[in-house]
Amino acid sequence: MTISLLPDNPGAWTYRRFEDLYAIPREERETLQLEAVRINFAKLRNRIPGPQEAG
């Protein structure tokens with residue numbers, strides 16, 4: 001069985017059976033996780049203060 005996970009809502013992944021999640025091939029899982037992290041950083045980019053330049 002193939003399941004579909006959306007990278008924009010990784011919190012919903014926890015509602016899947018762990019057997020289904022373990023069945024996802026490693027390469028596909030890592031790609032999905034990386035996309036989820038990129039989406040999350042893009043959402044938070046302007047909310048996280050950066051280091052101040054010494055001036």
Side-chain angles (χ1 to χ4, degrees):
M1 170 175 61
T2 302
I3 63 172
S4 176
L5 299 176
L6 300 174
D8 62 338
N9 189 9
W13 301 352
T14 59
Y15 295 107
R16 299 289 188 162
R17 294 176 346 129
F18 71 88
E19 293 93 344
D20 294 337
L21 295 172
Y22 284 136
I24 299 171
R26 180 180 179 179
E27 184 176 299
E28 183 180 339
R29 183 179 63 244
E30 288 177 352
T31 301
L32 185 63
Q33 290 170 334
L34 180 59
E35 183 62 24
V37 168
R38 286 179 174 157
I39 289 171
N40 211 17
F41 273 111
K43 287 179 184 177
L44 298 174
R45 180 174 290 144
N46 294 325
R47 295 178 57 195
I48 300 172
Q52 301 295 322
E53 283 188 34

Say whether, by atom type as modelled, one donor and one acceptor occur between the side chain of Arg29 and the main chain of Ile24 under 3.5 angstrom. yes
Distance-only criterion, 3.5 Å: show the donor-acceptor pairs between side-chain atoms of residues 6-14 and protein atoms not counting sequence neighbours.
| from | atom 1 | to | atom 2 | distance (Å) |
| --- | --- | --- | --- | --- |
| Trp13 | NE1 | Leu6 | O | 3.1 |
| Thr14 | OG1 | Gly11 | O | 2.8 |

Neighbour count >12 (heavy atoms, 6.0 Å) for atom CD, Glu27: no
If I take atom CG from residue Leu34 and atom CD1 from residue Ile39, how far apart are they, to the nearest 0.5 angstrom? 10.0 Å
Output for pair (Glu35 CD, Leu5 CG), nearest 0.5 Å, gives 13.0 Å
Pairwise distance CD(Gln33) to CD(Glu28) - rounded to 0.5 angstrom: 11.0 Å
